[in-house]
Each structure stands twice: as C-alpha cells, then as structure tokens.
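Inspection log for the structure reproduced underneath, given as structure tokens.
Residue numbers begin at 1 in each chain, while the letters A, B, ... track the order of the sequences.
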Protein chains: 2
Amino acid sequence: MQHGAGGKTHTMADVAKAAGVSKSTVSRAFTQPERLGAETVDRIVKIAQQLGYVPNHTARALSTGRHGNLALIVSDVANPFFPPLIRAAQLQADRSDFCVFLGNSDEDPRQEDKLIDRFVTQVEGLLLVASRLSAERIVFHAKRRPMALINRDVAGIPRVLIDSTTGVRQAIDHLADLGHKHIIYVSGPSSSWANRQRRNALKSAARLHDMAVDVVSPHVPSYDSGRAVVPEILASKATAAVAFDDLTAQGIMTGMAERGISIPDQFSVVGCDDVLGAATYPSLTTVSNRSDEAGRAGVRLLLDMLNGHMAGDTRLVLDTHLVIRNTTASPARPGFHSRQAGTAIG
Amino acid sequence: MQHGAGGKTHTMADVAKAAGVSKSTVSRAFTQPERLGAETVDRIVKIAQQLGYVPNHTARALSTGRHGNLALIVSDVANPFFPPLIRAAQLQADRSDFCVFLGNSDEDPRQEDKLIDRFVTQVEGLLLVASRLSAERIVFHAKRRPMALINRDVAGIPRVLIDSTTGVRQAIDHLADLGHKHIIYVSGPSSSWANRQRRNALKSAARLHDMAVDVVSPHVPSYDSGRAVVPEILASKATAAVAFDDLTAQGIMTGMAERGISIPDQFSVVGCDDVLGAATYPSLTTVSNRSDEAGRAGVRLLLDMLNGHMAGDTRLVLDTHLVIRNTTASPARPGFHSRQAGTAIG
DNA sequence: CTGTTAGCGCTTTCAC
DNA sequence: GTGAAAGCGCTAACAG
C-alpha cells in the first residue's frame, strides 16, 4: 500500500529507463493496457508505483486536449443554497475522475467573465450555476467550451432548472386559504433567473385569488438585506411576505422581532430553498430545494456532452413543493389578537 | 469592451502572424511588456483581443512549471464551517490570479490521498483543511508540493490553527459559574485536530472546577449524529453538553425537544464554531469561529512559500472566545421543575 | 528591442 | 507487441 518513497516527481522517461522500455510503452501501459503484453504492463505498473510516479496531468492535457477538469462557477459559495449543490457536483465529477475548479463570482458578472477566461483553457467544460451573465455572454462562452447551466434558461444550452413555480403557487394558495388578501414579494437579484421565475409565479397565482401584490427589492439576497427591508415591508399594508430565499426570510424574521412584531400571529413569512431546515424559530414555511439533485444532474449533462452524447437542447426541470412549517397563519384581525401554538412539522 | 468574436480558440502563432512578429514577441507582450517597444505591445495586445486570444494556461504551466493553480481540500463542503473559509480562500487566491481546485474528502483519508494525487501535477500548492490524513502522509505529500495546513498541527509545515482552547475554557468557566458539576463532551472525528484540542481543553478546564466529564463519540459531526446521540447523553448524569460543533449541538437540541426536555431549563448545550448565528431556538451558546480568517491566512501562507519567502515553520494561531446566547442556564434542581415560555428571538 | 531554437511530459501516428 | 519521432502551445535561454 506504499505510495512510493516521496520526494521529487518522476517523469515517464524515468519509468521507461527503469523498466528497460520506451516512453511510448509506459504511456500505453497506463492508457491502453490491452494492447500490451500482460506481463509488460504488470512490470511497468509495479516499477512506476515503486518510483512513486504519477502521470503529469498538465502534459497529458496539452497533448490530448482533454484536461479531465471542469469548472463550477457559483454566485456565492457562502450562501447555504450552494454547498450541497457543490458537494453533489463534486461527487458526480469524481466518479468520472474529473477535477473541479470552483469559482465564486460574488454576484458580479465581470468577475464571472474573468473567472471563465482563467478557467477556459484548462477545463473541458463549464458549469455555471445561477449565472449573472447576459444571455449573449453565456452563448459566447458556450462556443468556446462545452457548457451546462443550472438555474438559468438559455435556449440551446443544456440546463437544469429548479422550478419553484409549483412551490410558489402552493405557497400563495396556502396564504389565500389562511385569508391573506395582500402580500409582498421581497425580491432577489434582478439578474437571477430564479428570481424572475418566482416573482412571475407569485403574481399570476395571486391574481387568481384576487390578492394585492407589492414588491420590494433589496440589492443582494442575504440575512442583512432581509433585516434592512423590514421598514419597507411594514410601510405596505401586506399581511404576509414571500421572500426570494430563506436567508432573506430569516433576516425579515429578525427585523420583525426587533420591532416586537410576532410571527406568525401578526405577520406571515414564507421563504424559498429550504436551506435552514427547521432551525429557525418559528420554523420557516418555505419552498423545497433540490440543489443537490441539480448539481448532480448538471455535471451529468456536461459529461454527457463531452462524451459526444450531444444533449442538444436539453432542458431538465426539477419541480418543487411547499413545506409548511410555523411562520404562516391567518392574518391578524383588527381588534382580534390571534395566537397560535407551534404546530408540529407538516 | 468586446471580448472578441467568440468561437474557436486561437494560438499564439495566430496572433504572431497577424501582428507580423514572432511568437516570442507575443509571449513577451503578455509576460514582460516593459522589455518591448510600447507601441509593439499595444499593437499585439489589440490584435490578440480582436482575435479573442486567451493564453493557454496548460501550455504555459507545462513550460514554466508554474500553473497558477492551487488545491483546496476540505473534509465536507456542506458542513457550514467550510463555506466561509472557502470563500475567503478563493478571494485571497484571486488577488494573485490563482485558480483554485476544490476537493471534498468526505472525511475519508483515502479519498484525500486520491484527490491529492489527482491535483498534485497541476497545482503549485496544496492547502489542506482539517485533514484526516496521518502525519506521515501529510509530510509525504508536502515533499511533493508546497503545502499549508489549516487546523492540523504538523511540525515543519506552515499551518494556521483556530485555537478553540480559549473559547472552550471560557465555556467551561461559564458552565461552572452556572453551577454545573457534571458535563458531557460530544466528540467529533477522532482524526480531527480540532476535536482533540477541544476535548483536551475541556478536560483540563473541567478539572480546575472539579467537574465530572463524560465523553460520547458519534461517527461524524452532523445534525443527525447529534440527534441520535441524545439517549446516550441522557443515560449519563450530565446536566450540560459541549458539542464538537454547532451542527451536532443543533441535533442534540432537536433530540432533546423530541423527548420533551426543555433547553436550557432542564439541560444546557454549548456548540463550537458559531456557524448558525442566532438562528436556532433557543439561540445557541457557542465558541466563536474564525474560519474565514483562517482561509485567507492559509492561502497567504501558501503563496508566500511559492514566492520563496520560506515560511519555515510558521504556526499561526487564531484564538477564540465564548459567545453566550440562550442555551445555557443553571442546572435544574431535583424537585424543582422549571419551565420557560418561549421568549422572543434574541 | 526582437527572432531562433530548444525543450516542458505526454500522446500518437507511423514503422518495425 | 513495441519503438521512434513529431507535436500540443508556450517560455526561456541564447543570439543578433
């Protein structure tokens, strides 16, 4: 089980000399063993191991054009939506012995461009998650390298979409059932596909119930944004808020608590992505998240492309549903101070 | 601002031909512009841009041995301890135009070995976070490539350590002040440096207060582990638990709640890492986390090594402190059944 | 200041 | 079944 005696990296020539064969033979011993004498292969492999020889990824890549690397670019690693996705993508890539570069655009399209430029010559494929780039730029980059998208809908580029439409619709139905007549959507980044999709789903569902809808837009989706936007929320006459994501929702909850407003008695809150589990108090009603599946599927799509299984115009949609917990209740009636004990998780 | 007209990747020779110069000149225009005629550089750069030429990272790496890549290997991307660290490391690497490979060992040393093997030929340096490898393997790999460590203390290898000793000691003092006489440590992975450190700090601090200490060891640090270990905790006579990390602590809280045990009235819980903020209910008393600083410092250390500023036996220690929130209180007295109504979010 | 010439370590025809 | 040689795209001495 010894991995070799450590120290300096050996080259193929070293192995060849030690084994008394040519470089080509060593090369083949690793890449196409079947075309070599069985014992030759054994001998070479053994010697290589003793020397601690590891094939040079870079040289191989330069020679073949296949790097065995792919780039995963996300908008914010620290946003809890991404880690499970990253992990799943990683695992999937690993099964095919791919290495993954991680890029963090920090919600900035220019940074994203820059990252891609830096990655493009050393990866076989790009996987952009929640890209903030314009469709044009995406198409441009897609011409340079195989590319797949997650939560971004650009025709002609294989993509997997977590469709929160279904979940958001359920959320609105739920709020309507509870008697809410006026809600507010706390928006995410305007360049976010998920945001547009959620806003639209919310508006059309609300229309069916004759609900009034306000919209308020913080700059970035975060705890702090949610907290900061509470005054604006209170300025409207809404009795419930649907937030772009759980982080924002959590911030709203804190902001409400700071003003002595009790949730869900005096105000209802719904999140999106279900990244917090039941950890908040009250536990957050939210739309389910399938980011790990998305990550896995995204990598699979990309690798399929690389294997020539041209995915064509694949558009994989993962739907979602509402997870009802304890931040939603009937709106407070004037003069009637309702109160609800924490009900168990649905 | 146009980034070139898209499509196929051009080579340096293309640019050279288009500009009517030699390849070397083009090369120099990018790497040492000062040694060239100012206008020559301008012309070349402009033509390159028009063509959409991007220098080939791989070829450059093969030629120079400098890849401009580094590998960041963590034990679990999805553990909330890591994302901020990853983000900070990324940012720091970005300032020096480095690309970062992300590896996920999933707490498995063999996987870690495998990842390193895959990375080692295409990175300039390795940054291992909370490595689960034996000291011998770490030293072995460190001979192959410049390496820095985070939360792993191996002599001779530059490392940054988040020292929870101070924070844990404060936690024990705090529990002693509250009157606890018997506590239990819910352990993390045995191969974790942080775990050993926390356990030791806890034991020695407890000794000073004449406290009894039990230890229980789940396999991996996670919400589920914490939840599952509750029966064992209750089997002991401890009145307070200190958990290896916040996730485990959160699991314990859930497990306790499921058994109708109220925290902190009937049992106190302390976490480590402060990754949950005040999001739990009751909000968790925990030891502060400085993972982002650690990530930043780790990358800085590594890059310093690469620049020849031999860091020698650098050992950077970041200390921590206790963050007191609402999961700790005096132990319940026999015969006195305390009860606490849900207080608002801290 | 700029062009020529060797490689970096590996794969890959093409011969034997 | 195995070897020899060319070349992937770039950099780095050398010359001039």
Using atom [atom1] of [X] as one end and atom [atom2] of [N] as the other, report the distance to the nearest whole Å.
| X | N | atom1 | atom2 | answer |
| --- | --- | --- | --- | --- |
| B/R66 | D/dC10 | CZ | P | 16 Å |
| B/L62 | D/dC8 | CG | C1' | 9 Å |
| B/F30 | D/dC10 | CZ | P | 9 Å |
| A/N56 | D/dC10 | CG | P | 17 Å |
| B/Q122 | D/dC10 | CD | C1' | 17 Å |
| B/Q32 | D/dC10 | CD | P | 16 Å |
| A/R60 | D/dG9 | CZ | P | 18 Å |
| A/H67 | C/dC10 | NE2 | P | 16 Å |

Under 4.0 angstrom between B/T58 side-chain N/O and D/dC10 OP1 or OP2
no
Let me confirm one number: the CZ-NE2 distance from A/R145 to A/H67, rounded to the nearest 0.5 Å.
5.5 Å
Have a look at B/T121 and say if it touches a base, only the backbone sugar-phosphate, or nothing, with a 4.0 Å heavy-atom cut-off.
nothing
So what does B/T31 hit on the nucleic acid, given a heavy-atom distance under 4.0 Å: a base, only sugar-phosphate, or nothing?
sugar-phosphate
Quick note, A/T64 side chain, CB onward, closest among D/dT2, C/dT12, D/dA13 is C/dT12
Does a side-chain N-to-carboxylate-O contact under 4.0 Å join [X] and [Y]?
| X | Y | result |
| --- | --- | --- |
| B/R315 | B/D153 | yes |
| A/D292 | A/R87 | no |
| A/K114 | B/D94 | yes |

With no angle test and no hydrogens, is the base of C/dG7 tied to the side chain of B/S63 by a donor-acceptor pair under 3.5 Å?
yes
Under 3.5 Å, side chain of A/E112 to main-chain N/O of A/S105, donor-acceptor pair present?
no
Do B/Q122 and A/N56 get their side chains close enough for a donor-acceptor pair, meaning under 3.5 Å?
no
DNA chain C-proximal residues of residues 10-25 of chain A, any heavy atom under 4.0 Å
A/T11, A/M12, A/K23, A/S24
For B/V129, run the side-chain contact (heavy atoms from CB on, under 4.5 Å) check against B/L85, B/V160, B/N151 and tell me which one passes.
B/L85
Need to verify one output field. Residue with the more 5' nearest nucleotide on DNA chain C, B/V41 or A/S27?
B/V41
